[in-house]
Amino acid sequence: DLPEPPPADERVPHFTLEEDEDAFEVHKLDEHVYEVVGQRVERAAAMTYWQYEEAVLRFQRILDALGVTAALEEAGCGEGDTVIIGEIELEWIDWVE
């Protein structure tokens, strides 16, 4: 005589993972057009004051820190290609700080 097993929801704990806000994806839309989709990178692009060089350099550092720069290069993005992040459209250039 074995005891009756507990209901399934009590036997196995249920865990859900929070969405990683740093996660992003790079999509090649055309030969020289790439799109970057991700919560944090899109928010950073929307909040950047593009008329200020310091703000643009800060955005570039964010792209580097998140791994977006490396992912774009791995996808084949090069000098002069178009990169779309949220509602922002950029011309990709190689830069040295």
Side-chain angles (χ1 to χ4, degrees):
D1 289 311
L2 295 173
E4 195 167 313
D9 60 338
E10 291 179 18
R11 286 186 289 173
V12 180
H14 180 71
F15 298 100
T16 56
L17 299 175
E18 292 182 21
E19 186 177 328
D20 181 6
E21 79 171 29
D22 290 349
F24 65 90
E25 294 180 357
V26 174
H27 304 281
K28 187 171 185 174
L29 302 179
D30 203 354
E31 185 177 356
H32 297 285
V33 181
Y34 298 83
E35 179 182 38
V36 180
V37 179
Q39 183 179 0
R40 183 166 179 201
V41 69
E42 288 182 45
R43 185 173 54 232
M47 295 175 66
T48 298
Y49 292 101
W50 297 100
Q51 64 273 26
Y52 299 111
E53 182 180 356
E54 296 83 12
V56 174
L57 292 174
R58 179 182 180 278
F59 181 73
Q60 185 64 48
R61 287 190 298 274
I62 291 170
L63 293 183
D64 289 344
L66 291 175
V68 174
T69 301
L72 282 166
E73 290 171 356
E74 187 177 315
C77 185
E79 185 94 16
D81 289 349
T82 300
V83 176
I84 301 167
I85 303 174
E87 295 185 18
I88 305 298
E89 188 172 306
L90 308 168
E91 180 180 338
W92 194 254
I93 59 169
D94 291 328
W95 71 288
V96 178
E97 189 176 323

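For the numbers below, each heavy atom of this structure counts, side chains included, while hydrogens, waters and symmetry mates do not.
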Practice item. Determine which pairs satisfy salt bridge (Lys or Arg N to Asp or Glu O under 4.0 Å) with at least one residue from residues 41-51, sequence neighbours left out, and list them in order. Key: Glu21-Arg43

Practice item. Write out all pairs satisfying ring pair (Phe, Tyr, Trp, His ring centres under 6.0 Å) with one or both partners inside residues 67-93, taking only residues at least two apart or from two chains. Key: none

Practice item. Go through the structure and list residues passing side chain to side chain contact (heavy atoms under 4.5 Å, CB included) with Ala55, not counting sequence neighbours. Key: Thr48, Tyr49, Tyr52

**Study point:** Check: Ile62 and Val41 side chains under 4.5 Å, non-hydrogen atoms
**Key:** no

Point to revise | Pairs satisfying salt bridge (Lys or Arg N to Asp or Glu O under 4.0 Å), at least one member in residues 29-40, at least two apart | key: Asp22-Arg40

**Study point:** Euclidean distance, Leu72 CG relative to Asp81 CG, rounded to 0.5 Å
**Key:** 9.5 Å

Check your understanding: Under the ring pair (Phe, Tyr, Trp, His ring centres under 6.0 Å) rule, what pairs show up with a residue in residues 19-41, not counting sequence neighbours?
Key -> none

Check your understanding: side chain to side chain contact (heavy atoms under 4.5 Å, CB included) with Ala45: which residues, sequence neighbours excluded?
Key -> Trp50, Phe59, Ile85, Ile88

Review point. How long is the gap from CD on Gln60 to CG on Leu90, to the nearest 0.5 Å?
Key: 9.0 Å

